[in-house]
Colleague: 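Sharing a structure with you now.
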Amino acid sequence: MQSTKSSAENSGTTAEQYDGFTAEERAAMKEHAQEQKKAAARRGSSRLEKEAAAERDVLAKIAEMPEADRVLAERIHDIIKAAAPDLTPKLWYGMPAYARDGKVLCHFQSAQKFKSRYATIGFSDQAALDDGAMWPTAYALKELTTADEQRISALVKRAVG
């Protein structure tokens with residue numbers, strides 16, 4: 001006789017518990033929706049006003065992070081601003097990101113964001129980091145040494161092209 005239990009019931013979960021996304025992923029999508037609403041509300045503002053507001057949002061998000069992530073995010077923010085002053089800080093799915101012409105080039109993901117054991121700096125397909133047929137697009141961060149900071153600065157400069 002064939003079981004009438006659903007696969008969710010067989011795995012010990014209920015359909016209400018699983019909808020294809022984790023709680024953290026759903027939270028990130030909600031943050032993205034809020035970011036879009038804020039951006040829409042700023043449509044009448046000048047470009048400089050929008051950029052200043054977006055950077056304030058990024059700095060506020062960084063300030064909310066647990067200390068270990070906050071220290072890394074603050075340093076990454078400074079490195080990116082120095083290496084590529086033309087990139088515009090903005091929130092992207094609740095993460096500090098840096099964009100050119102509205103398209104995210106790189107972002108910082110705190111370890112807390114998806115309950116990971118380390119923070120990351122990631123690069124999008126907009127980044128000019130191509131190196132043969134395969135290259136890294138994200139780097140784990142547990143701390144930043146001077147050499148790490150220099151490497152990140154070089155990566156950001158290269159990513160900008």
Side-chain angles (χ1 to χ4, degrees), residues 19-131 135-161:
D19 67 1
F21 297 100
T22 66
E24 292 82 13
E25 290 167 332
R26 285 190 303 277
M29 288 184 283
K30 286 178 183 176
E31 284 182 297
H32 185 62
Q34 289 300 317
E35 293 159 12
Q36 296 302 311
K37 287 179 185 177
K38 277 186 175 183
R42 294 178 181 148
R43 285 212 170 95
S45 303
S46 73
R47 182 182 62 80
L48 290 177
E49 290 170 331
K50 289 179 198 175
E51 288 176 3
E55 183 159 13
R56 284 192 302 272
D57 291 345
V58 165
L59 294 173
K61 181 58 76 175
I62 290 171
E64 294 172 3
M65 294 178 184
E67 184 178 0
D69 287 341
R70 182 175 35 78
V71 168
L72 289 171
E74 288 170 345
R75 206 52 215 118
I76 293 294
H77 180 78
D78 291 343
I79 292 166
I80 292 171
K81 293 286 288 178
D86 292 341
L87 293 182
T88 305
K90 67 183 273 180
L91 288 178
W92 183 63
Y93 292 93
M95 296 178 283
Y98 304 85
R100 179 177 45 205
D101 300 326
K103 295 182 180 181
V104 171
L105 191 82
C106 58
H107 70 280
F108 175 82
Q109 180 179 299
S110 72
Q112 174 206 10
K113 183 74 175 170
F114 295 109
K115 298 180 181 169
S116 177
R117 69 182 181 99
Y118 48 78
T120 59
I121 182 168
F123 294 87
S124 75
D125 62 341
Q126 300 295 311
L129 295 176
D130 303 38
D131 184 17
W135 58 91
T137 59
Y139 297 83
L141 301 171
K142 301 254 322 163
E143 62 182 53
L144 287 173
T145 65
T146 301
D148 297 328
E149 292 178 1
Q150 291 170 351
R151 184 173 180 201
I152 291 168
S153 179
L155 279 167
V156 169
K157 287 175 183 176
R158 185 171 160 210
V160 170

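No hydrogens, no waters, no symmetry mates; every other heavy atom, side chains included, goes into these values.
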Colleague: Just do the side-chain contact (heavy atoms from CB on, under 4.5 Å) check on Val58 and Leu91 with the steps written out, would you?
Modeller: CA-CA 6 Å; Val58 165; Leu91 288 178; 4.1 Å; yes
Colleague: Side chains of Tyr98 and His77: do they bring a donor and an acceptor to under 3.5 Å?
Modeller: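 Distance-only check passes for Tyr98 and His77.
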Colleague: Could you tell me the separation between the NZ atom of Lys157 and the CG atom of Leu155, rounded to the nearest 0.5 Å?
Modeller: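 It comes to 11.5 Å.
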Colleague: How long is the span from the CD atom in Glu31 to the CE atom in Met29, to the nearest 0.5 Å?
Modeller: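 Answer rounded to 0.5 Å: 11.0 Å.
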Colleague: Give a yes or no answer on whether the side chain of Ser124 reaches the backbone of Cys106 with a donor-acceptor pair at less than 3.5 Å.
Modeller: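 Checking the backbone N and O of Cys106 against the side chain of Ser124, no donor-acceptor pair under 3.5 Å is found.
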Colleague: Could you tell me whether a side-chain N or O of Arg70 sits under 3.5 Å from a main-chain N or O of Lys61, the two making a donor and an acceptor?
Modeller: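 Absent.
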Colleague: Report yes or no: does Arg117 contribute a side-chain atom to a donor-acceptor pair with the main-chain N or O of Ala111 at less than 3.5 Å?
Modeller: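 Between the backbone of Ala111 and the side chain of Arg117 there is no qualifying donor-acceptor contact (under 3.5 Å).
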Colleague: Got a second to check how far Leu105's CG is from Asp86's CG, nearest 0.5 Å?
Modeller: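 So the gap between those two atoms works out to 11.5 Å.
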Colleague: State, with a plain yes or no, whether a side-chain heavy atom of Asp130 is found less than 4.5 Å away from one of Trp135.
Modeller: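 A side-chain contact exists here, since the closest heavy-atom pair is under 4.5 Å.
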Colleague: When rounded to the nearest 0.5 angstrom, what is the spacing between CG in Asp148 and OG in Ser153?
Modeller: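 Reported value, rounded in 0.5 Å steps: 12.5 Å.
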Colleague: Nearest 0.5 Å please: distance from the CD atom of Glu64 over to the CG atom of Asp69.
Modeller: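 Going from CD on Glu64 over to CG on Asp69, the span is 12.5 Å.
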Colleague: Got more than 12 heavy atoms from elsewhere within 6.0 Å of NZ, Lys81?
Modeller: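 Correct, the count exceeds 12.
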Colleague: Within the distance-only criterion (no hydrogens, no angle test), does the side chain of Glu55 pair as donor or acceptor with the backbone N or O of Ala52 below 3.5 angstrom?
Modeller: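 No.
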Colleague: Are the side chain of Glu49 and the backbone of Ser46 linked by a donor-acceptor contact shorter than 3.5 Å?
Modeller: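 Checked: pair present.
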Colleague: Does any non-hydrogen side-chain atom of Asp57 lie less than 4.5 Å from one of Lys90?
Modeller: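 No - every pair of side-chain heavy atoms lies 4.5 Å or more apart.
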Colleague: Tell me the closest heavy-atom pair linking Glu25 and Gly20, and the distance in Å.
Modeller: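 So the minimum-distance heavy-atom pair works out to OE1-O, 4.2 Å.
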Colleague: Less than 4.5 Å apart, any side-chain heavy atom of Phe108 and any of Arg75?
Modeller: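 No, side chains not in contact.
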Colleague: How close do Val156 and Ala83 get, heavy atom to heavy atom, and via which atoms?
Modeller: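 Between these two residues, the closest heavy atoms are CG1-CB, 4.1 Å.
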Colleague: Go through it in stages, so that I can follow the logic: the residues are Tyr93 and His107, the test is side-chain contact (heavy atoms from CB on, under 4.5 Å), and I'd like the CA-CA distance, side-chain angles, deciding distance and then a yes or no.
Modeller: CA-CA 10 Å; Tyr93 292 93; His107 70 280; over 6 Å; no
Colleague: Quick one: does Leu141's side chain get under 4.5 Å of Ile76's, heavy atoms only?
Modeller: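 The answer is yes; the side chains approach within 4.5 Å.
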Colleague: To check you understand the geometry: which heavy-atom pair defines the closest contact between Ala73 and Met65, and what is its length?
Modeller: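 Looks like CB-SD, 3.7 Å.
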Colleague: Taking all non-hydrogen atoms of both residues into account, name the closest pair between Ala140 and Thr120 and its distance.
Modeller: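 Closest pair (atom of Ala140, atom of Thr120, distance): CA-CG2, 4.2 Å.
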Colleague: Any chance OH of Tyr118 has more than 12 other-residue heavy atoms, nucleotides or ligands included, within less than 6.0 Å?
Modeller: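 Result for OH/Tyr118: open.
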Colleague: Does Glu24 come within less than 4.0 Å of Lys115, counting only side-chain N to carboxylate O?
Modeller: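 Salt bridge between Glu24 and Lys115, a charged N being under 4.0 Å from a carboxylate O: yes.
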Colleague: What distance separates Arg100 CZ from Gln126 CD, expressed to the nearest 0.5 Å?
Modeller: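 The distance works out to 7.5 Å.
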Colleague: Check whether any side-chain heavy atom of Leu72 lies under 4.5 Å from a side-chain heavy atom of Ile121, and answer yes or no.
Modeller: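 They are not in side-chain contact.
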